[in-house]
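Input: a single structure, listed below in structure tokens.
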Amino acid sequence: MDPSFWLRPRDERAEVFEKLRALPGPEFIPPRLPWGPLASGYYALSKHADICEVSRRPQDFSSEGATAILPPEMDEFYGSMINMDNPEHSRLRRIVARSFGRGMVPKFDAMSRRVARRIVDDLIERGPGDFIRPAAEMPIAVLSTMMGIPGEDYEFLFERTNTIMGGADPELAADPEKMAAAVLGALRDLGDYIGRLREDRLARPGPDVITKLVQVQEDGEQLTNQELVSFFILLINAGMETTRNVIAQALVLLTEHPDQRQLLLSDFELHAKGAVEEVLRVGTPINWMRRTATGDCEMNGHRFRKGDEIFLFYWSANHDEKVFEDAYRFDITRDPNPHLSFGAVGPHFCLGAHLARIEIIAMLRELLASLPDIRVEGEPVRLASSFIEGFKELSCTF
């Protein structure tokens with residue numbers, strides 16, 4: 001859980017997880033921090049099969065606090081459905097799914113294509129240089145359009161998500177107390193912002209997602225103000241931050257593997273879906289989620305006791321040699337590719353997985369059609385975070 005571990009060279013990270021996967025059961029990690037789920041230590045799940053088994057058994061492994069290793073004062077902002085169990089989780093997911101379900105795919109696709117075209121046109125006009133902001137602009141613009149957020153507020157959202165997700169990076173957080181205050185301030189800013197949007201949509205409904213979420217549903221259900229705040233913060237951080245980092249990872253991987261870039265260029269529509277799945281597997285934008293044993297139980301031969309803290313390390317599962325042949329090879333034709341980058345099959349499988357895939361494909365399509373030689377220039381600077389696999393600096397040339 002130390003952010004510096006995730007800055008080590010990839011082969012060192014891989015070696016650690018290979019040793020963990022070779023153990024007969026989950027490794028117990030001794031306590032390191034004085035608060036929260038790390039205060040008593042935790043079990044590290046590194047095998048694909050174990051993570052899948054825990055994910056499909058919510059009755060035995062609670063998702064309460066799934067993303068949290070933070071002090072309690074952050075809880076009100078992270079109390080979204082990703083950190084809930086049933087029946088609360090299923091109720092919120094049911095309400096939200098109406099605005100993000102598969103029936104929205106044609107609309108998502110058209111919107112993503114328009115946004116990607118504008119971003120690439122702007123990139124060409126600006127010229128080579130920073131690629132972080134163009135990658136981030138894709139999910140910011142798509143989600144903001146869906147929610148009826150004006151373009152002049154994109155910078156506000158970009159800055160707040162950077163502050164929240166960069167909170168553990170020592171370069172960005174030279175003073176931990178000041179950084180904790182900055183993260184809490186950014187969370188409150190987003191909470192206040194969605195509160196104002198809620199009041200506006202209640203007074204002046206529009207054809208956007210926020211209006212749908214604040215209105216009473218057909219079955220009489222409605223999101224409370226606190227539920228809307230928590231969902232908005234989840235959507236902004238999970239939807240924007242992870243998708244932008246997968247787009248950045250795609251450029252890095254296609255630069256490092258020119259043969260796979262050439263294969264993708266040879267027939268984009270044939271290979272696009274496979275390329276995105278392989279970028280998701282190798283890049284793994286979210287490194288872990290947390291679960292807590294609800295009672296004494298057994299999982300794949302290992303006994304857990306009530307209250308045991310468990311961390312599911314998706315990066316390790318996505319490189320499990322028992323599931324993926326030649327697991328460290330980047331291969332856009334890999335099939336099957338049962339990666340866990342959107343979580344394993346279960347009640348918490350990512351609700352926005354299809355939207356993320358649509359955005360990434362749209363961005364790659366426009367980039368490679370207009371700038372087939374675009375590539376990373378220099379060494380990317382990675383974000384020091386145990387949770388997010390991201391970049392602070394990434395330059396492109398074309």
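- Put simply, CZ on Phe108 and CZ on Arg357 are 14.0 Å apart, with the number rounded to the nearest 0.5 Å.
- The aromatic ring centroids of Phe391 and Phe131 lie 6.0 Å or more from each other.
- Checking side-chain atoms of Thr211 against main-chain N and O of Gly206 turns up a donor-acceptor pair under 3.5 Å.
- By the neighbour-count criterion of 12 heavy atoms within 6.0 Å, atom CD of Glu64 is sparsely surrounded, having that number or fewer from other residues, nucleotides or ligands.
- Using a 4.0 Å cut-off between a side-chain N of Lys or Arg and a carboxylate O of Asp or Glu, Arg10 and Glu389 qualify as a salt bridge.
- Ring-centre distance between Tyr43 and Phe311: not below the 6.0 Å cut-off.
- How far CG of Leu371 is from CD1 of Ile124: 4.5 Å, rounded to the nearest 0.5 Å.
- To the nearest 0.5 Å, the span separating CG on Asp85 from CZ on Phe61 amounts to 12.5 Å.
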### side chain to side chain contact (heavy atoms under 4.5 Å, CB included) between His271 and Thr333, intermediate numbers included
CA-CA 7 Å; His271 296 296; Thr333 67; 4.2 Å; yes
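- Remark: Leu383 CG to Glu393 CD distance equals 11.0 Å, nearest 0.5 Å.
- For the atom pair OG1 of Thr292 and CG of Asp60, the computed distance is 12.5 Å after rounding to the nearest 0.5 Å.
- Remark: Arg382 is not positioned above the aromatic ring of Trp6, lacking an NZ or CZ atom under 6.0 angstrom from the ring centre and at most 45 degrees off the axis.
- The existence of a salt bridge linking Arg113 and Asp109 is confirmed by a sub-4.0 Å separation between a basic side-chain nitrogen and an acidic carboxylate oxygen.
- Under the 4.0 Å criterion applied to side-chain N and carboxylate O atoms, Glu309 and Arg291 are not assigned as salt-bridge partners.
- Salt-bridge check for Glu227 with Arg91: passed, with a basic side-chain N closer than 4.0 Å to an acidic carboxylate O.
- Criterion: ILVMFWY side-chain heavy atoms under 4.5 Å apart, direct or through other members. Under it, Ile310 and Val345 are not part of a common hydrophobic cluster.
- Connection of Val323 to Leu280 is not established within any shared hydrophobic cluster, with ILVMFWY side chains joined at heavy-atom distances below 4.5 Å, either directly or through further cluster members.
- For the pair Glu277 and Arg334, the salt-bridge criterion is not met [side-chain N within less than 4.0 Å of a carboxylate O].
- Here the shortest heavy-atom pairing between Pro372 and Ala369 reads CD-O, 4.2 Å.
- Ring to ring, Phe17 and His319 are not that close: their centroids are 6.0 angstrom or more apart.
- The two residues Phe313 and Ala44 make their nearest non-hydrogen contact at CE1-CB, 3.6 Å.
- Using a 4.0 Å cut-off between charged side-chain N and carboxylate O, Arg196 and Glu199 make no salt bridge.
- Leu197 contributes atom CG, which lies 5.0 Å from atom CZ of Arg201 (distance to the nearest 0.5 angstrom).
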### Task
Take Arg117 and Asp121 through the test salt bridge (Lys or Arg N to Asp or Glu O under 4.0 Å) and record every step on the way to the result.
CA-CA 6 Å; Arg117 197 168 300 119; Asp121 286 346; over 6 Å; no
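- Listed here is the closest heavy atom pair of Ile233 and Leu190: CG1-CB, 4.1 Å.
- For Trp288 and Phe387, the distance between ring centers is under 6.0 angstrom.
- We find that Arg188 and Asp192 are not joined by a salt bridge, their nearest charged nitrogen and carboxylate oxygen being 4.0 Å or further apart.
- Counting heavy atoms of neighbouring residues, nucleotides and ligands inside a 6.0 Å radius, atom CD of Glu152 exceeds 12 of them.
- A salt bridge does not link Lys306 to Asp296: none of the charged nitrogens lies less than 4.0 Å from a carboxylate oxygen.
- By the 4.0 Å N-to-carboxylate-O rule, Glu27 lies too far from Lys19 to be salt-bridged with it.
- With hydrophobic clusters built from ILVMFWY side chains whose heavy atoms lie under 4.5 angstrom apart, Phe398 shares a cluster with Val376.
- Minimum interatomic distance between Asn287 and Ser385 (heavy atoms only, all atoms of both residues): ND2-O, 4.2 Å.
- Linking Ile, Leu, Val, Met, Phe, Trp and Tyr residues whenever their side-chain heavy atoms come within less than 4.5 Å places Phe28 and Phe5 in a single cluster.
- No close placement of the Phe324 and His339 rings is indicated, their centers lying 6.0 Å or farther apart.
- Counting heavy-atom neighbours within 6.0 Å of Gln262 CD, excluding the residue itself, gives a total of 12 or less.
- Within a 6.0 Å sphere centred on CD of Glu125, heavy atoms belonging to other residues, nucleotides or ligands number 12 at most.
- Using a 4.0 Å cut-off between charged nitrogen and carboxylate oxygen, Arg133 and Glu155 count as a salt-bridge pair.
- In this structure, Leu351 and Ala97 approach most closely via the heavy-atom pair CD1-CB, 4.1 Å.
- Salt-bridge check for Asp320 with Lys322: failed, with every basic side-chain N at 4.0 Å or more from each acidic carboxylate O.
- Between Leu367 and Val120, the shortest heavy-atom contact is N-CG2, 3.9 Å.
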